Amino acid sequence: MKKGINSIILFLIVFILCNSVFFCQNAFAEENPKSDCESYALVDAETGQVLLGQKENTVMVPASTTKVMTAIIVLENSKLTDKVTVGENPERAEGTSIGLKKGDQYTVEDLLHGLLLESANDCAEALAEHVGGTRQHFIELMNKKAQDLKLTHTKFVNPSGLWEDDNVTTNKTTSYELSLILKEALKYPDYVRISRVLNYKFPPLPGDTFEKWVNNKNELLFKKNSFYYQPTVAGKAGYTKKSKHTFTCAAQKDGRTLIVTIMKSSSKNDYFPFIKYLFDYGFNNTTKVKLYSSGEKIATYKTKDNTSVPLLTANDLYYTVDNKDFSTDVLKNKNSLKDSLKLKVNLPKNLNKVHFKKGDEVATASISVNNKDSLNIDLCSGITKEKENELLSKFSNNSKTYIYITIGSLTVIFILYSFIKKSKRKKAQ
């Protein structure tokens with residue numbers, strides 16, 4: 001009897017231990033999920049810093065996350081109430097579509113729902129033709145915007161993100177630059193609003209044989225989904241067989257906005273938990289610190305006439321620190337971070353000659369933190385400076401030369417005068 005009880009007790013102990021190990025392993029896996037994505041970036045939207053990353057500057061294919069830029073160009077160049085008449089090309093678009101037909105007429109807002117929720121390629125083509133006049137001109141607008149945002153590795157050849165037959169001409173970007181594109185999109189309230197809609201019904205058109213519904217592919221927004229993440233603001237998913245899964249998303253918490261972008265992942269089941277982990281890491285393990293306030297004196301410039309020009313910061317300057325790199329005291333006393341800063345003021349060559357008013361941007365500064373990250377900020381003048389008189393300036397710079405020339409000229413005149421006077425006397429005699 002005792003042997004039987006002991007065996008049962010031993011079995012229970014072994015069972016509990018095994019399950020405890022299994023539970024701990026799963027708990028750890030849940031706490032630190034892994035992803036097979038080739039590239040990712042966790043970016044602070046305000047400072048532009050990469051807080052965590054892997055191959056974040058490696059050029060890859062964005063797939064339908066391309067449509068973030070498409071939406072930006074549409075919102076910049078049209079009204080939501082504009083009517084779009086669908087042409088021939090959208091009907092022929094491959095991949096995901098809502099079944100647009102030539103002659104269909106919807107508003108820009110309708111088609112943006114199809115673009116951002118269902119990732120419909122026919123909606124991308126219809127919007128591109130409506131806004132750009134031609135598809136090619138719209139693509140030129142996309143690339144011009146990429147240049148304006150200083151995205152050196154980003155190139156677009158279509159508005160949808162479909163993989164082109166020629167790999168050379170396929171849309172290209174990096175996980176870091178795609179994060180910056182989403183950062184730009186967040187400036188448009190209509191982008192955020194539409195990208196958060198869970199599903200949308202298109203208004204019926206004459207001749208429709210079925211209802212058109214589109215559904216959001218961002219599973220971080222669905223409360224009943226295991227991937228739900230409450231701080232989520234907006235995101236966009238993409239997929240092709242060659243590019244695999246891509247995803248870019250923003251989240252806000254405690255006054256901060258972070259962006260996560262992953263590229264070339266094999267499974268949503270992997271990348272959604274990984275994205276949540278990256279967001280949590282950023283919010284819980286990093287701190288945003290204000291290094292300088294707008295209008296704060298950062299340096300002084302002396303002109304050639306000894307005028308002191310205070311150089312003031314044009315905007316607030318923030319920096320995100322990893323909490324483990326700084327003590328709690330330093331993080332609480334944010335001014336003490338300035339001890340780790342190295343400042344280099346970059347002045348234009350002609351600053352002495354130009355006129356500028358108080359508040360005008362006159363220079364820039366490069367700021368290095370802990371010899372690691374370099375930040376840039378515009379500098380404004382704290383005073384109004386009148387333009388120097390160029391003649392006086394030249395005279396001041398070459399005063400000796402002008403004195404010698406003047407003395408020489410007077411000497412020649414005196415000699416000529418004396419010579420003429422003597423000649424007259426001789427004639428008179």
Side-chain angles (χ1 to χ4, degrees), residues 41-54 56-57 149-152 174-177 179-180 183-184 186 252-260 278-279 281-303 306-352 354 356-383 385:
L42 168 65
V43 177
D44 187 299
E46 187 154 18
T47 66
Q49 290 171 250
V50 178
L51 308 182
L52 284 178
Q54 173 179 292
E56 65 271 19
N57 294 313
L149 296 175
K150 299 179 181 179
L151 308 180
T152 57
T174 68
S175 57
Y176 175 61
E177 293 193 354
S179 299
L180 298 183
K183 174 186 175 182
E184 179 69 12
L186 296 178
Q252 290 179 345
K253 186 178 179 182
D254 300 329
R256 298 180 63 194
T257 302
L258 301 182
I259 296 173
V260 170
L278 290 175
F279 275 134
Y281 177 88
F283 287 126
N284 298 330
N285 296 282
T286 66
T287 301
K288 184 180 73 175
V289 178
K290 182 188 282 189
L291 298 181
Y292 293 100
S293 297
S294 177
E296 187 172 344
K297 181 179 174 182
I298 202 171
T300 301
Y301 166 68
K302 279 200 172 184
T303 63
N306 270 339
T307 300
S308 294
V309 180
L311 298 177
L312 316 179
T313 53
N315 303 289
D316 294 337
L317 181 64
Y318 290 91
Y319 179 71
T320 303
V321 301
D322 195 311
N323 295 348
K324 69 176 183 294
D325 293 338
F326 293 90
S327 67
T328 305
D329 292 337
V330 170
L331 293 176
K332 286 182 178 178
N333 180 18
K334 296 174 182 180
N335 284 330
S336 63
L337 268 177
K338 293 183 179 179
D339 296 336
S340 66
L341 304 183
K342 288 185 179 179
L343 175 69
K344 179 184 177 184
V345 176
N346 308 304
L347 297 168
K349 291 181 180 179
N350 65 340
L351 191 57
N352 271 296
V354 299
F356 48 82
K357 296 179 181 179
K358 182 178 181 180
D360 285 352
E361 292 183 8
V362 294
T364 61
S366 303
I367 299 169
S368 174
V369 185
N370 274 357
N371 297 315
K372 188 172 66 171
D373 292 309
S374 182
L375 311 174
N376 297 309
I377 190 168
D378 294 325
L379 301 179
C380 297
S381 171
I383 63 170
K385 173 184 169 295

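Keep in mind that this is a model prediction, so the values were computed, not measured.
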Are side-chain heavy atoms of [X] and [Y] found at a separation under 4.5 Å?
| X | Y | value |
| --- | --- | --- |
| V309 | F356 | yes |
| V321 | V369 | no |
| I383 | P310 | yes |
| L51 | Q49 | yes |
| L258 | F283 | yes |

Can you give me the closest heavy-atom contact between [X] and [Y], atom names plus distance?
| X | Y | result |
| --- | --- | --- |
| A41 | E56 | CB-CB, 3.9 Å |
| I259 | S179 | CD1-O, 3.4 Å |
| G359 | C380 | O-SG, 3.4 Å |

Polar side-chain atom of [X] near backbone of [Y] as donor-acceptor pair, under 3.5 Å:
| X | Y | answer |
| --- | --- | --- |
| T257 | Q252 | no |
| K183 | A45 | yes |
| N285 | Y281 | yes |
| D360 | V362 | no |

Apply side-chain contact (heavy atoms from CB on, under 4.5 Å) to L317 and T47, showing your working. CA-CA 8 Å; L317 181 64; T47 66; over 6 Å; no
Please evaluate residues L311 and V345 with respect to the criterion side-chain contact (heavy atoms from CB on, under 4.5 Å), reporting the C-alpha separation (whole Å), side-chain torsions for both, the decisive distance (0.1 Å), and the verdict. CA-CA 9 Å; L311 298 177; V345 176; 3.9 Å; yes
With salt bridge (Lys or Arg N to Asp or Glu O under 4.0 Å) as the rule and sequence neighbours excluded, what pairs involving residues 306-319 come up?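 Sorted pair list: K290-D316.
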Between [atom1] of [X] and [atom2] of [Y], what distance do you get to the nearest 0.5 Å?
| X | Y | atom1 | atom2 | result |
| --- | --- | --- | --- | --- |
| K342 | S366 | NZ | OG | 13.5 Å |
| I367 | L341 | CD1 | CG | 6.5 Å |
| T287 | N284 | OG1 | CG | 10.0 Å |
| T286 | L42 | OG1 | CG | 7.0 Å |

Going by side chain to side chain donor-acceptor pair (under 3.5 Å), name the residues that satisfy it together with [X], two or more places apart in sequence or in a different chain.
| X | value |
| --- | --- |
| K297 | T300 |
| S381 | none |
| T174 | none |
| Y301 | N352 |

Are E46 and R256 ion-paired here, with the side-chain N under 4.0 Å from a carboxylate O?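 R256 and E46: not salt-bridged.
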Results of side-chain contact (heavy atoms from CB on, under 4.5 Å) for [X] - residues two or more places apart only:
| X | result |
| --- | --- |
| K358 | T384 |
| K302 | N306, S308 |
| E296 | Y292, S293, T313, K338 |
| T364 | N346, D378 |

Please name all residues satisfying ring pair (Phe, Tyr, Trp, His ring centres under 6.0 Å) with Y318, sequence neighbours left out, ordered by chain then number.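 None.
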Worked verdict on Y176 versus V50 for side-chain contact (heavy atoms from CB on, under 4.5 Å): CA-CA 8 Å; Y176 175 61; V50 178; 3.4 Å; yes
Begin with the C-alpha distance, continue with both residues' side-chain angles, and end with the deciding distance and a verdict on side-chain contact (heavy atoms from CB on, under 4.5 Å) for L180 and L151. CA-CA 8 Å; L180 298 183; L151 308 180; 3.9 Å; yes
Which residues satisfy the salt bridge (charged side-chain N to carboxylate O under 4.0 Å, His left out) test with E361, sequence neighbours excluded?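 E361 satisfies salt bridge (charged side-chain N to carboxylate O under 4.0 Å, His left out) with no other residue.
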What residues form a salt bridge (charged side-chain N to carboxylate O under 4.0 Å, His left out) with E177, not counting sequence neighbours?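 In terms of salt bridge (charged side-chain N to carboxylate O under 4.0 Å, His left out), with neighbours along the sequence ignored, E177 is linked to no residue.
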